[in-house]
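In what follows, chains carry the letters A, B, and so on, assigned in the order in which the sequence lines appear, proteins first and then strands, with residues in each chain numbered from 1. Nothing here was measured: the structure is a model prediction, and the numbers come from that model.
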Amino acid sequence: MKKTITLDVNGVAETAEVEVGQTLLRFLRDGLDLTGTKEGCNEGECGSCMVLLDGRPVNSCLVLAVEADGRSVTTVEGLSREGVLHPLQKAFLSQAAVQCGFCTPGMVVSAAALLRENPEPTEDDVKKALAGNLCRCTGYKQIVDAVRDAAAAMRAGAVAGGEAGKPAEREEVPA
Amino acid sequence: MSAPVVGTDVPRVDGLEKVTGAAKYTADLKFPRLLHVAVVRSPHPHARVLDVRTDRAARMPGVRAVASGRDFPLHTGIYLKDQTVFATDRVRFVGDPVAAVAAETPELAAEAAAQVHVEYEPLPPIFDVEEGFAEGAPLVHPDLGSYEVVPWIRPKAGTNVCNHLKIRKGDYASALKGSWKVFENVFRVPQVQHVPMEPHVSVARVDLAGKVEVHSSAQSPFTVRHLLAHCFGLPHGDVRVHVPYVGGGFGGKAGINLEPIAVALAMRCRGRWVRLMVDRHEEFFATVVRQGLTATLVTGVDRHGKVQAQKMHYLWNCGGYGGYGVNIVRSAGYTCGGAYEFPNVEGDSIGVYTNRPVGSAYRGFGMQEIHWALEQQMDRVAVELGIDPAEFRLKNCLGAGKSTVTGQLLDEHAGRVDLCIRNVAKAIGFEPDRERTPYRGKGIACAVKAPAMPNDAASSVILKFAEDATLEILISGIDYGQGLMTVVAQFASEALDLPVEKIRVKGCPDTDLSPYDWQTVASRQTWATGNAVFRAASEIRGKLCATAAEALSVPAEELSLRGGAVVHEATGRALPFERLVMGYQFPDGHAIGGPVAAASSYLPEGLLFLDPETSQSAKPVAKWTFGAQAVSIAVDPETGQVTVEKVAACYDVGKVVNPALIKGQTYGGIVQGLGTGTMEELVLDPKTGRAVNASLMDYKIPSTEDVPAEMAVDFVETAQKDGPMGARGIGEHTMIPTPAAIANALWDACGIRISEMPITAEKVWRALKAKERAERGAKAAGEARVPAGTVA
């Protein structure tokens, strides 16, 4: 059975006919070719498929596409805008927090959700927020460092009112 | 000469693609009218296959191809060709592929696979390695004697032994007799899974002209091509393998994996793309795992605390097939003494077939497993002798002028394990007279590893310029996280004095266009591909200078490269690369030179085979990387939970090429080592042979919350003579000593030993209880001496 859904994906209104049993992950990857969101386990255990649904982090393998009808979705592709990186993406580069890169999109998305709620997270806050995002390469240290680094950059940017601190996520996304 | 680039934190050259989501992995590629594969797998650990009937499945709507063992009976395997694409007459583990279906949707493929009828006659399975090794054990491979095998692997027909490497150095028996004290212990390591975040996936098409094209998540595009060509009887030129970005491998994507199944199906539906993607459940047991190990060690020491006699008996649980695992057996043989000099050695490394999942390469290639045994043994001996464990290691460790178990004499360029031991001991506060707190302890362990590869394993590169003088570097080593692309850019930048921004490393190879590389394994890429880059860069330099010399009418030898230009220092004249790389044009219009490019390669020099009886060899491997780790832990006596609070790691890497990247490798290795050391084990149901924890819910790997609060990482730089700027391999070594260091810290914390990995809370709790009981018993008996609680 199919159903037509309309949703906001990275600021673009998308309308599509989807199988009711199709996951949001499948829809993003196969339907919209947004392959930055990865499939690592398809059972909500690894976090590689993390996206923001109305600003909240969800494992898109556990959400049906039809559940996203009328809502807004931010994927890793929506974090940078026209080549301008989100402070988290910059920090992941400068802190060498990327290795194979497969978990990176999910990590960055989960971290973006954290920083939206908590602009000054402690090391423990970051570890807790990213506990559902598995990485087999990095040992996590540089990832945690990168998130705290990005938080500091965003706070500095917010104080200065400059571009640096402005996350590229859509401000119009309802919380 | 501009500022050095090697030795600095150059950001990953593939980083931008990865943080934006632009990087494409195999499952991200789009193919028109893609077919999906479901594999029919054996539910039995060991059975005869009496009949496979695929006709009903083949007739189902949407099914485009069905293949089974009788269609493709050819053998494959990188060293020992003991496996067919699909099981033919016998299945050897739960998950062994028997047939496969390609259909228009994954659901149709799964439905059709369920309609393939296989008739089995169950045979008694062997899960235990000692059982498989015992005389008269049922044979897992009755045809072992007829398999094709490389000359340096020695299977024993009529047994389950797929390889046996013997080390005989000095006179072990006499030395043991002459020893002051003798210690014997047994250690065990279970099978574990690599758990790369990206599960295995391969896509294949056979076009109407018969050419095979494969896209695969693989560590070894050329080895995949080579083995596919062999397996399907095709010329290499008709097989093309692409490897896009790879989401982690850790050895599990080395050699050949899913590719033959995808190709077999593609042959039966020519013109269509066929994709085989295992899910996370299958990833745990149907793809390769790390081999299990049972190690028996005997150590004889003299009165001065020097080991005189050392026996090492390694029994490897290879699982159902040993195509790749046989070389781990070999590697563990010629490295059987670890980081120590043992004058009299009896070493046996023996690979045994069982009916468990297939053992294969896993980061460390057998070294974490043997170090689990060796480093605990050394610790036990030290403690028993009342010698500080760090001091005991220093007394016995390898170094310049010492000889390895194969009789190789190390020179001053070989790397300094002694400095690594001192470094981590200091970093963790491992002083013999340190203050003791109950249930808190410190432990230390060493590590050594050489690249385990054929003596002629080569890497090559192509360097060429784009019109704007961007240097393009083609490599076929895979950067699946370790940073190879970045390191290659740094080496080329250094060699040609060209800014990294002017370099593009093409790191996703295509065997039709990219230069040959054996495999991305063995921590060999920085070293082998790095050497090839310097050779090719030297050729590029020669070509640029020759053209510039003619253009400037100066001798070529007076020219140098600086910041992307050829410079004549004496006159201050310079030509930017842009004016040279496509050829230089004189004012009158005539042109010289031409598009500048160079190809070069590197093959390890002077490696010698091992003696077949004693394995003595003056140069069995290209290089050794030594290191050590020390940990401090806290034990919760109520729950047995071990918390690793700090890890100090130090390796002699020859040259730190990129500090940020090498730290990342080390943090990653430590945490992966902590995973196998304290959490991970692939558990099979002893009755059915099925994996009972084949999911990320039941098989836990470390998360952010398991990371030690502190990781102190340091490096020694004793230049490797044949290394690029002195560099040697490090990727795998970082996870080798962690579990043993934790185990040794456990003794230090509370006087218990866990000899079977992993050190779970349950095992610790049981050992603590056993120790309490023993202490109570001893007290009751009025004895002063307290025996240590030990749990197998």
Which value, rounded to the nearest 0.5 Å, describes the distance between B:Glu283 atom CD and A:Cys41 atom SG? 11.5 Å
Chain A contacts, top residue of B:Gly481, B:Gly249, B:Gly21 (heavy-atom pairs, under 4.5 Å): B:Gly481
For A:Tyr140 and B:Val707, the nearest pair of non-hydrogen atoms, with its separation, is CD1-CG2, 3.5 Å
Can you confirm whether A:Lys90 sits close enough to B:Val19 that some side-chain heavy atom of one is under 4.5 Å from a side-chain heavy atom of the other? no
Looking only at non-hydrogen atoms, find the nearest pair between A:Glu43 and B:Ser695 and report the distance. OE2-CB, 3.6 Å
Could you go through the side-chain contact (heavy atoms from CB on, under 4.5 Å) check for B:Met711 and A:Lys141 one step at a time? CA-CA 9 Å; B:Met711 291 188 273; A:Lys141 177 174 163 42; 3.9 Å; yes
B:Pro199, part contacting chain A, at a heavy-atom distance under 4.5 Å: side chain
To check you understand the geometry: which heavy-atom pair defines the closest contact between B:Tyr25 and A:Phe102, and what is its length? OH-N, 3.5 Å
Supply the atom-to-atom distance B:Arg280 CZ to A:Glu45 CD, rounded to the nearest 0.5 angstrom. 11.0 Å
Pairs of heavy atoms under 4.5 Å with chain B: top-ranked of A:Gly47, A:Ala129, A:Pro105, A:Gly40: A:Gly40
Let me know if B:Ala660 has heavy atoms under 4.5 Å from chain A in its side chain, its backbone, both or neither. both
Report the option among A:Val98, A:Thr104, A:Asn42, A:Val108 that has the most heavy-atom pairs separated by less than 4.5 Å from atoms of chain B. A:Val98
Any A:Gln99 side-chain heavy atom under 4.5 Å of B:Gln665 side chain: yes
Does A:Lys128, at its NZ atom, have more than 12 non-hydrogen atoms belonging to other residues, nucleotides or ligands within less than 6.0 Å? no
Candidate pair B:Glu680 and A:Arg136, rule salt bridge (Lys or Arg N to Asp or Glu O under 4.0 Å), full reasoning: CA-CA 13 Å; B:Glu680 300 178 37; A:Arg136 193 60 150 169; 2.8 Å; yes
Please report the shortest heavy-atom distance between A:Asp33 and B:Lys30, naming the atom on each side. OD1-NZ, 3.0 Å
Only pairs of heavy atoms separated by less than 4.5 Å count here; which of A:Cys100, A:Gly44, A:Ala97, A:Cys46 has the most with chain B? A:Cys100
Heavy-atom pairs under 4.5 Å with chain B are the metric here; pick the option from A:Gly36, A:Gly132, A:Gly101 that has the most. A:Gly101
Quick one: which residues of residues 60-67 of chain A reach chain B at under 4.5 angstrom, heavy atoms only? none
Contact summary for A:Gln89 and B:Thr20, nearest pair of heavy atoms: NE2-CA, 3.7 Å
Looking only at heavy atoms, what is the nearest atom pair of B:Ser703 and A:Ala131, with distance? CB-O, 3.7 Å
Please list, chain by chain and in numerical order, all residues satisfying ring-ring contact (aromatic ring centres under 6.0 Å, His included) with B:Phe250, sequence neighbours excluded. none
Could you look at B:Val246 and say if it's the side chain, the backbone, both or neither that has a heavy atom under 4.5 Å from chain A? backbone
Check whether A:Ser48 gets within reach of chain B through its side chain, its backbone, both or neither, counting any heavy atom under 4.5 Å. side chain
Which atoms of B:His281 come close to chain A, meaning under 4.5 Å heavy atom to heavy atom: side chain ones, backbone ones, both, or neither? neither
Residue selection (most heavy-atom pairs with chain B, distance under 4.5 Å) from A:Asp30, A:Thr37, A:Leu93: A:Leu93
Using the side-chain contact (heavy atoms from CB on, under 4.5 Å) definition, which of the options A:Ile143, A:Asn133, A:Leu130, A:Asp124 pairs with B:Thr704? A:Leu130
Would you mind checking which part of B:Leu16 comes under 4.5 Å of any heavy atom in chain A, side chain (CB onward), backbone (N, CA, C, O), both or neither? both
What option among B:Glu17, B:Glu198, B:Glu705 has the most heavy-atom pairs under 4.5 Å with chain A? B:Glu198
